[in-house]
Amino acid sequence: MAEILDKVYDPQKIEAKWYDYWEKSGLFHARADGASPSYCIVIPPPNITGSLHMGHALNNTLQDILIRWKRMLGYDALWMPGTDHAGIATQNVVERMLAAEGVNRHSLGREAFIDRVWQWKGESGGTIINQLKRLGCSCDWSRERFTMDAGLSRAVREVFVRLYEEGLIYKDDYIINWCPRCRTALADLEVEHDPHEGYLYYIKYPLVGKEGALTVATTRPETLLGDTAVAVHPEDKRYKAYHGAKVRLPVLGREIPVITDPYVSLEFGTGALKITPAHDLNDFEVARRHNLPAIKVIDEEGLMTRKAGKYRGMDRFGCREKIVKDLKSDGLLEKRERYHVPVGHCYRCRTVVEPLISKQWFVAVKTLAAAAIAAVQDGRTKLIPASWDNSYFDWMTNIRDWCISRQIWWGHRIPAWTCKDCGQVIVAREDPDKCPHCGGSGLVQETDVLDTWFSSALWPFSTLGWPEQTPELKLFYPTTVLVTAFDILFFWVARMMMMGLHFMGEVPFHEVYIHALVRDPEGQKMSKSKGNVIDPLDLMAAYGTDAFRFSLAAFAAMGRDIRLSEERISGYRNFANKVWNACRFTFMNLEDFDPAAAAPDLPLTVVEAWILSRLQQVTRETGEHLEVYDFDQAANALYQFIWHEFCDWYLELIKPQLNDKTDPAARRHCQEVLLRVLNAILRLLHPFMPFITEEIWQKLPGASGSIMAASYPREEADLVNPQAEAEMGLVMATITAIRNLRGEMNVPPASQVEVFLKSADPSSLVALERHRQSLMQLSRLKELHTNAADTPAAAAKAVVEQVEIFMPLAGVIDFAEEERRLAKEMEKISKELAQAQRKLANEDFLAKAPEEVVNKEKERLQSWSEKLAKLKTHRERIKGLMG
RNA sequence: GCGGGAAUAGCUCAAUGGCUAGAGCAUCAGCCUUACAAGCUGAGGGUUGCGGGUUCGAGUCCCGUUUCCCGCUCCA
């Protein structure tokens, strides 16, 4: 016996209880016993500092849909969860807390500081995990990992040591991007270039021993303090005379050479370029070619060094103003022009990045990148959509060595030691206590930590237990698919490809599904500074998690950004309510239903054959769409079927049988089929709307256990029934046509009318006769004449396929109104007819188009002209009646 | 600057080169029809950005053009 659902669908009430139930039942746990095929997704690990934003919500909803779907299909589905230690971001958070207490990390000391970060992580680091649970994510929490936990740290060290031993990790003096606020080096990728309103300054460098000066153009006059040359293009005729000359550096008076290098552009500025090797990447490379010294005039805090002479200790921007002033008073500033300067900012704190020469650790990525390129080229890993291939190749081809050392404390400390006695560098898996070269005990460990992405790059195998050869690693690597947004394609995906291929010998994932970015309704990127951030938790509270998830899936069209509109989410909330009420209706009609009792052996009615046939097709479509990550199409197919076929038609069509208590067997049979369809619908919908489907499933007669553990519907081909679909198509079209006539002729819904049907095709009438009750009920008829010998003249008329429909409206009908309506209808049809005629009159079309297309066109022509003829006859009759 | 998208109903988006270019929301009209007013039944709404071309046939393919978005960028 079925329990009756509450009258109102209340998402908050039903969503609260199921997550615990699932988790406690162990339903998220992958068995890893090799008994069924494996399916594995590793989660893009969110930062421990993070809280759930729209990007996470979309990303994880899609993953959960895939995982729940595959799990129901019988795969041993592992969704490997975890979090990322987010070195710089986390350190910033904790440092801010310390600042509020009036201390800083240096006064605290390294050990204590790290303890403090762990403490913070314990208290606040789980926020996002709880939010993922709120979203319904069915991750295998028993396997949850963290990039700083013991196992992953061991993997990091193993990778570092091996790469070092292979010569792929090295330490060198090089110019790197430095954030003076975070006081650490950054990788090229971690610098964001934004245009900045600035100036291009033209500065005179007086010639030594001659009259005159060379004028250089620069956006950063303060760096002239570190200039060690002025470069011109070797072919530049303007400067031929100055090759080998010397100029005097303004302000400081140092003499520096004029050199020639083809790097210099002839067109830009004056064609003379100041060279500051310590503070500009290009200058650094020019200087290497010419063996020029580098003079560091800006330090790690962004302050001028003692090499800057009288400017020492000034802030770099203050120094710029002062220098410009001094140049002006010396008469050496020729002019300045307004200019858009591309300025690099730290992606974590937005501070202007300072290029600095510094000793850092690098990964030599060329060979790793080549392997990662090959894997995508030969399809071992597929990017979906493939339009990302070119960006991937482009980036991978132009990649430069990866700076992996960070001058912060929170992270994996680089396992390198320097011997104070012999000066040798030791890189080791275990902390050494004496120098293996000289036996000395004065070992000093590297203070830097590794870039956070270094550990995330190992995520697909480190989380599965590597370097141990675990059963999980064997079963789930390579993982099936990685689901991510394109903004971390290079940061993360590219690096996982490199590391996975190098250490596992196989790609980390077979497919990478790259989904859209969620934008605000105006298409703007959501950001705190713009104030247009929509909090997913608010949406879940307002519309329910199921509606929210379904919206995200329905929005997730491939290769297109998502503009989130609340109106549509509320539309899907209505859909959830619709599902709820369809179930409520079903349950109300199952009060006397005993699933254990034997089902009567009755044949399917046409209506049942039709709905089961449609169900098969929707089942097939849903699977096909999910298989290729067309989440939106899968969601829409279900929405359309459930609302507009199951609810709008099927439930209406079976009401008479359900209400007919005189034939218990037929009623019981009807209940049986209804339950069967609803059961399948819930399972089809479950990956998208896990909570509401579970809530209803638990009350569904004959269902047991969690819907999570039920099987996902598969198409039953023998139930596909084109005849039933054709017949119901005619019935529904006829009902719609009658409703249409009523509407057009302004017949009040309450008043019942008579309808006459006529057709040259007797089988149509037989079919419609079979559905007499449905026709009467759904189009509100007083009487239906399907064998009308005489059709009333004073009637409104419509034509559906071969069937003519007459609705006599004696005393009600406005002949002029009907005449106008017919004229309009005929005009529409005439247009279609003309188009078909035009096509068929075209000899090229007849000769070149495929036969079936031509035949189709002929059929269309025929049916249009028949319909037109019928309407025309009728119109004449109406006209006759009008007098 | 280089590269990639996008442009279709008032809005957000669909549409293997071939049925009358479709949905949802919004609008309008009428309905509390015993699951649902978060609902039901209808209706209106389109020169597919613009200009060419290929084709029997173009929203779809090609060229040009305009606008918008997004990446990448070592000419100061």
Side-chain angles (χ1 to χ4, degrees), chain A residues 5 7-9 188 193 200 216-220 223 231 263-276 280-285 339 341-342 355 387-388 390-391 394-395 398 400 486-487 489-490 517 519 521 523-525 543 547 554-555 557 559-565 567-568 570-589 632-633 636 639-640 644 647-648 651-652 655 659 736 739-740 742-744 746 748-750 777-780 828-829 831-832 835-836 839 842-850 852-854 856-857 859-860 864:
Chain A
L5 298 177
K7 183 162 169 63
V8 186
Y9 158 64
D188 295 340
H193 298 269
L200 189 58
V216 302
T218 181
T219 56
R220 300 195 60 197
T223 62
Y263 163 73
V264 182
S265 160
L266 291 155
E267 287 81 35
F268 193 89
T270 60
L273 170 65
K274 63 193 261 328
I275 301 295
T276 320
D280 184 282
L281 176 67
N282 302 301
D283 294 4
F284 177 82
E285 282 171 356
Y339 189 68
V341 190
S387 49
W388 287 102
N390 282 338
S391 297
D394 189 50
W395 190 79
N398 296 317
R400 297 193 329 186
F486 68 83
D487 53 351
L489 188 60
F490 307 133
L517 231 52
R519 298 176 183 282
Q524 301 285 312
K525 217 169 179 167
Y543 303 104
F555 281 133
R560 186 165 200 139
D561 282 344
I562 294 173
R563 293 193 192 194
L564 195 76
S565 81
E567 281 162 3
R568 275 192 73 181
S570 91
Y572 290 119
R573 187 261 325 262
N574 297 355
F575 174 60
N577 182 56
K578 189 74 180 175
V579 171
W580 180 264
N581 275 291
C583 294
R584 186 172 129 85
F585 169 81
T586 302
F587 287 5
M588 287 171 75
N589 283 287
D632 60 322
Q633 299 199 47
N636 285 327
Y639 179 97
Q640 203 64 25
H644 297 302
C647 291
D648 285 355
L651 292 185
E652 294 303 328
K655 276 180 181 173
N659 290 334
T736 303
R739 284 171 173 171
N740 191 317
R742 297 180 62 118
E744 297 263 325
N746 296 316
Q777 192 124 344
L778 298 182
S779 39
R780 302 189 147 249
K828 232 167 148 180
I829 293 170
K831 269 189 197 162
E832 297 304 331
Q835 200 185 338
K839 273 192 186 174
N842 184 339
E843 282 181 27
D844 281 333
F845 175 72
L846 295 174
K848 292 180 186 170
E852 50 192 87
V853 174
V854 176
K856 232 180 224 171
E857 205 59 37
E859 279 167 31
R860 286 185 57 208
W864 287 129

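Chain identifiers are assigned alphabetically (A, B, ...) following the order of the sequence lines, protein sequences preceding nucleic acid strands; residue numbering begins at 1 within each chain.
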Student: Between B/G39 atom P and A/F585 atom CZ, what is the distance in whole Å?
Tutor: 18 Å
Student: With respect to the side chain of A/H193, which nucleotide from B/C70, B/G42, B/U73 is positioned closest?
Tutor: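 The nucleotide sitting nearest to the side chain is B/U73.
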Student: For B/G18 versus B/G57, give the span between their C1' atoms, rounded off to a whole number of Å.
Tutor: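 One C1' to the other, the span is 7 Å.
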Student: Sequence neighbours excluded, which residues qualify as side-chain contact (heavy atoms from CB on, under 4.5 Å) partners of A/L281?
Tutor: A/Y174, A/I175, A/E285, A/R400
Student: Check the distance between B/G39's P and A/H644's NE2 and give it to me in whole angstrom.
Tutor: 10 Å
Student: Name the orientation class of the two ring planes belonging to A/Y639 and A/F575 (parallel below 30°, tilted from 30 to 60°, perpendicular beyond 60°).
Tutor: tilted
Student: Mind checking if A/T219 touches a base, just sugar-phosphate, or nothing, with heavy atoms under 4.0 Å?
Tutor: sugar-phosphate
Student: For the P atoms, the ones on B/U48 and on B/A21, what distance do you get once it is rounded to whole angstrom?
Tutor: 11 Å
Student: Round to a whole Å and report the spacing from CH2 of A/W388 to C1' of B/G3.
Tutor: 11 Å
Student: Assess whether side chain to side chain contact (heavy atoms under 4.5 Å, CB included) is satisfied between A/F490 and A/D188, documenting all intermediate values.
Tutor: CA-CA 11 Å; A/F490 307 133; A/D188 295 340; over 6 Å; no
Student: Could you pick out which residue, A/Q633 or A/Q835, lies toward the 5' side of RNA chain B when each is mapped onto its nearest nucleotide?
Tutor: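 Nearest-nucleotide comparison on RNA chain B picks A/Q633.
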Student: Give the nucleotide from the list B/G71, B/U73, B/G42 with an atom nearest to the side chain of A/F490.
Tutor: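 My answer, after comparing the listed nucleotides, is B/G71.
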Student: Search all heavy atoms of A/K839 against all heavy atoms of A/F845 and return the closest pair with its distance.
Tutor: O-CD2, 3.3 Å
Student: Rounded to the nearest angstrom, tell me the gap between atom CG in A/D844 and atom C1' in B/U55.
Tutor: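 Distance, rounded to whole Å: 10 Å.
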Student: With nearest nucleotide decided by heavy atoms, which residue, A/L846 or A/T736, maps closer to the 5′ end of RNA chain B?
Tutor: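 Looking at the nearest nucleotide for each, A/T736 comes out on the 5' side.
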Student: Kindly write out the residues that satisfy side-chain contact (heavy atoms from CB on, under 4.5 Å) with A/Y263, not counting sequence neighbours, or none if the list is empty.
Tutor: A/D261, A/L273, A/N282, A/V286, A/R289
Student: Which atom pair, heavy atoms only, marks the closest approach of A/T223 to A/K274?
Tutor: OG1-NZ, 2.6 Å
Student: Looking only at non-hydrogen atoms, find the nearest pair between A/V264 and A/A231 and report the distance.
Tutor: CG2-CB, 3.7 Å
Student: Which heavy-atom pair separates A/H644 from A/D648 by the least distance, and what is that distance?
Tutor: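 Here A/H644 and A/D648 meet closest at ND1-OD2, 2.8 Å.
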Student: Give me the distance, rounded to whole Å, that separates B/A58 from B/G51 when you measure between the P atoms they each carry.
Tutor: 15 Å
Student: For A/K839 and B/U55, what is the distance between atoms NZ and P respectively, to the nearest whole Å?
Tutor: 18 Å
Student: Between A/N740 (side chain only) and A/T736 (backbone N and O only), is there a donor and an acceptor less than 3.5 Å apart?
Tutor: no
Student: Anything under 3.5 Å between a protein N or O and an N or O of nucleotides 36-38 of chain B, put it in a table, one pair a line.
Tutor:
from, atom 1, to, atom 2, distance (Å)
B/C36, OP1, A/K7, NZ, 2.7
B/C36, O4', A/N581, OD1, 2.9
B/C36, O4', A/N581, ND2, 3.4
B/C36, O2', A/N577, ND2, 3.1
B/C36, O2, A/K578, NZ, 3.1
B/C36, N3, A/K578, NZ, 2.8
B/A38, O4', A/N574, OD1, 3.0
B/A38, O2', A/N577, ND2, 2.7
B/A38, N3, A/R573, NE, 3.2

Student: A/S265 side chain: which of B/A35, B/C74, B/C75 is closest?
Tutor: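 Among the listed nucleotides, the one closest to the side chain of A/S265 is B/C75.
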Student: Choose from B/C56, B/U41, B/C75 the nucleotide whose nearest atom is closest to any side-chain atom of A/Y263.
Tutor: B/C75
Student: Pick base, sugar-phosphate or nothing for A/W580, based on heavy-atom distances below 4.0 Å to the nucleic acid.
Tutor: nothing
Student: Check every atom of B/A76, B/A15, B/U12 against the side chain of A/R568 and return the nucleotide holding the closest atom.
Tutor: B/U12
Student: Within the structure shown, what part of the strands sits under 4.0 Å from A/Y543 by heavy-atom distance: base, sugar-phosphate, or nothing?
Tutor: nothing
Student: Roughly how far apart, to the nearest Å, are B/U47 and B/A7 at atom C1'?
Tutor: 16 Å
Student: Output all residues satisfying ring pair (Phe, Tyr, Trp, His ring centres under 6.0 Å) with A/W864, sequence neighbours left out; order by chain, then residue number.
Tutor: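 Listed in chain order: nothing, the list is empty.
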Student: Is there a side chain to side chain contact (heavy atoms under 4.5 Å, CB included) between A/K655 and A/N589 once you walk through the steps?
Tutor: CA-CA 9 Å; A/K655 276 180 181 173; A/N589 283 287; over 6 Å; no
Student: Which part of the nucleic acid, if any, lies within reach of A/C647 when heavy atoms closer than 4.0 Å are counted: base, sugar-phosphate only, or nothing?
Tutor: base
Student: Distances for protein N/O vs nucleotides 28-34 of chain B N/O pairs under 3.5 angstrom?
Tutor:
from, atom 1, to, atom 2, distance (Å)
B/U33, O4', A/R780, NH2, 3.1

Student: If I pick the C1' atom on B/G22 and the same atom on B/A15, what distance separates them, to the nearest angstrom?
Tutor: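 Between the two C1' atoms, the distance is 7 Å.
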Student: Can you tabulate the close N/O pairs, meaning under 3.5 Å, that link protein atoms to atoms of nucleotides 43-46 of chain B?
Tutor:
from, atom 1, to, atom 2, distance (Å)
B/A43, OP1, A/N740, ND2, 3.0

Student: Tell me every residue that passes side-chain contact (heavy atoms from CB on, under 4.5 Å) with A/N581, counting only those two or more places apart in sequence or in another chain.
Tutor: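 side-chain contact (heavy atoms from CB on, under 4.5 Å) check on A/N581 returns A/N577, A/R584.
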Student: Please report the distance, rounded to the nearest Å, between CG in A/L651 and P in B/G39.
Tutor: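 Computing the A/L651:CG to B/G39:P distance gives 15 Å.
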Student: Base, sugar-phosphate or nothing for A/V341? Non-hydrogen atoms, less than 4.0 Å.
Tutor: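 Counting heavy atoms under 4.0 Å across all strands, no contact is made by A/V341.
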Student: Which part of the nucleic acid does A/D648 contact within heavy-atom distance under 4.0 Å: base, sugar-phosphate only, or nothing?
Tutor: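 If one applies the 4.0 Å heavy-atom cut-off, A/D648 turns out to touch the sugar-phosphate alone, with no base involved.
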Student: Where does RNA chain B form stems of at least three consecutive Watson-Crick or G-U wobble pairs, each pair having both distances below 3.5 Å?
Tutor: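 Stems found: B:1-7 with B:66-72, B:10-13 with B:22-25, B:27-31 with B:39-43, B:49-53 with B:61-65.
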Student: Quickly work out the A/R742 CZ to B/U41 C1' distance and round it to whole Å.
Tutor: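 After rounding, the gap between these two atoms is 10 Å.
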Student: Give the minimum heavy-atom separation between A/A554 and A/N636, together with the two atoms involved.
Tutor: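 Nearest pair, atom of A/A554 first, then A/N636: CB-OD1, 4.4 Å.
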Student: Any residue in residues 267-276 of chain A with a heavy atom nearer than 4.0 angstrom to RNA chain B? Just list them by number, or reply none.
Tutor: A/F268, A/G271, A/L273
Student: If the P atom of B/C11 is compared with that of B/C74, how far apart are they to the nearest Å?
Tutor: 39 Å
Student: Please give the distance between the P atoms of B/G49 and B/U34 as a whole number of Å.
Tutor: 46 Å
Student: Whole Å only: how far is the CG atom of A/N282 from the C1' atom of B/A76?
Tutor: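 Checked: the CG to C1' distance equals 8 Å.
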Student: For a quick test of reading the model, state the closest non-hydrogen atom pair linking A/A582 to A/C647 and the distance between them.
Tutor: CB-SG, 3.8 Å
Student: How would you list, by chain and number, every residue that makes a side chain to side chain donor-acceptor pair (under 3.5 Å) with A/R780, sequence neighbours excluded?
Tutor: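 Residues passing side chain to side chain donor-acceptor pair (under 3.5 Å) with A/R780: none at all.
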Student: Can you name the ring pair (Phe, Tyr, Trp, His ring centres under 6.0 Å) partners of A/Y9, sequence neighbours left out?
Tutor: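 Residues passing ring pair (Phe, Tyr, Trp, His ring centres under 6.0 Å) with A/Y9: A/W580.
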Student: Can you name the side-chain contact (heavy atoms from CB on, under 4.5 Å) partners of A/Y543, sequence neighbours left out?
Tutor: A/L539, A/A547, A/E566, A/I569, A/S570, A/R573
